[in-house]
Amino acid sequence: MRKIIVATFVSLDGVMQAPGGPQEDPTGGFKFGGWVASHFDEELGAALGEIFGRPYDLLLGRKTYDIFAAHWPFIKDGPDQAIADSFNNITKYVASRSTPQLAWQKSQLLGSDVVAALKKLKAEDGPDLLVQGSGDFLQTLWKHGLVDELSVLTFPVLLGKGKRLFGDSVAPSGLKLVKAKSYPSGVIVANYVPDGDVKTGDFSLGEPSEAELERRRNLN
């Protein structure tokens, strides 16, 4: 079976919008596009090399696909050439509510029933499916239990408003940390797998005090 692996950049307050550059996604008046650039160094680049170092196909929402399709096919040299070559030569599976023409080579539209298409893909033999960006699409993947691994690269910056990795409508779920490492630039890379339902406990007194009972009565 193929796994769906999500790898995403987030700020410390959970924003994932436009990490790559000012014009990547300025919607909603977002002013901080390119917020990851100053934190990249050789060691963090090596960590990304691990993510892209194993066989994979890309799994993208429409907006992220459009960003990638306008960028990666046009890189002809430089330090990003290896990733460009990889992206250009693998299959790109695209989730979209419409039926766009996908000009980037080896791109495939998932169709109207994205969940059914992904369940079929996961059951097949082949490389894992790597999700980049695709914030809206990620909510669908999470809601239907389709994510097998989640790699979160947390950057030491607060962005305030912006599109978040998980919003108020996220499906509650437990996570298990399987690997974590911090880098001199302040970035923390943490890898998680789903771990069933949210587990809760209770640190309160066995018999609540009168002050506690009063506090509860005053809650709105």
Side-chain angles (χ1 to χ4, degrees), residues 4-41 43-52 58-72 80 83 87 92 94-97 114 129-195 198:
I4 292 181
I5 300 170
V6 175
T8 187
F9 302 151
V10 298
S11 65
L12 194 58
D13 56 340
V15 174
M16 63 180 297
Q17 186 170 350
Q23 299 305 316
E24 184 177 304
D25 182 9
T27 57
F30 189 70
K31 300 177 180 179
F32 302 108
W35 48 271
V36 305
S38 64
H39 300 283
F40 259 83
D41 56 22
E43 289 188 57
L44 185 57
L48 288 180
E50 291 182 19
I51 294 173
F52 296 115
L58 281 175
L59 178 58
L60 305 172
R62 169 67 188 282
K63 293 177 182 177
T64 298
Y65 173 84
D66 287 344
I67 292 169
F68 279 25
H71 178 77
W72 292 108
D80 293 333
I83 293 180
F87 281 4
K92 280 74 69 175
V94 185
S96 176
R97 296 182 181 89
V114 170
L129 303 167
L130 181 62
V131 181
Q132 294 275 279
S134 308
D136 290 342
F137 179 40
L138 178 56
Q139 311 311 310
T140 298
L141 295 176
W142 197 257
K143 177 181 178 181
H144 292 277
L146 294 170
V147 176
D148 298 291
E149 296 181 20
L150 178 63
S151 294
V152 181
L153 288 77
T154 303
F155 287 72
V157 60
L158 300 174
L159 299 174
K161 294 182 179 179
K163 298 177 181 178
R164 282 177 157 71
L165 174 59
F166 292 118
D168 292 340
S169 61
V170 65
S173 173
L175 292 170
K176 179 181 179 181
L177 180 69
V178 294
K179 182 180 178 182
K181 184 175 180 180
S182 60
Y183 291 85
S185 62
V187 178
I188 297 173
V189 180
N191 295 356
Y192 304 91
V193 295
D195 192 32
V198 176

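As the structure is a prediction and not an experimental result, all values here were calculated from the model.
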Before accepting this row, confirm whether a basic side-chain N of the pair K179/E50 lies closer than 4.0 Å to the acidic partner's carboxylate O. yes
Return the minimal non-hydrogen interatomic distance between G167 and Q139, and the atom names on each side. N-OE1, 4.3 Å
Of the non-hydrogen atoms in L48 and F40, which two are nearest, and what is the gap between them? CD1-CE2, 3.2 Å
Which atoms form the tightest heavy-atom contact between F87 and K92, and what is the distance? O-NZ, 2.8 Å
Rounded to the nearest 0.5 Å, how far does CD of Q132 lie from OH of Y65? 15.5 Å
Over 60° means perpendicular and under 30° means parallel, so tell me whether F166 and W142 are parallel, tilted or perpendicular. tilted
Hey, could you give me the OG/CE distance between S134 and M16, rounded to the nearest 0.5 Å? 7.0 Å
Report, one line per pair, each donor and acceptor closer than 3.5 Å where one atom sits in a side chain of residues 145-163; sequence neighbours left out.
| unit_1 | atom_1 | unit_2 | atom_2 | d |
| --- | --- | --- | --- | --- |
| D148 | OD1 | K122 | NZ | 3.4 |
| D148 | OD2 | I4 | N | 2.8 |
| D148 | OD2 | K122 | NZ | 2.5 |
| E149 | OE1 | R54 | NH2 | 3.4 |
| E149 | OE2 | K3 | NZ | 3.3 |
| S151 | OG | N191 | OD1 | 3.1 |
| K163 | NZ | D25 | OD2 | 2.8 |
| K163 | NZ | T27 | OG1 | 3.4 |

N/O donor-acceptor pair under 3.5 Å between R164 side chain and V10 backbone: no
How close do F30 and G33 get, heavy atom to heavy atom, and via which atoms? CE2-N, 3.6 Å
Going from NZ on K31 to CD on Q17, what distance comes out if it is rounded to the nearest 0.5 angstrom? 13.0 Å
State, yes or no, whether a side-chain contact exists between W72 and I83 at a heavy-atom distance under 4.5 Å. yes
Heavy atoms only: give me the nearest F137-A95 pair and the separation to one decimal. CE1-CB, 3.6 Å
Begin with the C-alpha distance, continue with both residues' side-chain angles, and end with the deciding distance and a verdict on side chain to side chain contact (heavy atoms under 4.5 Å, CB included) for L130 and F52. CA-CA 9 Å; L130 181 62; F52 296 115; 3.4 Å; yes
Scanning both residues in full, the closest heavy-atom pair of Y183 with L44 reads CD2-N, 4.1 Å
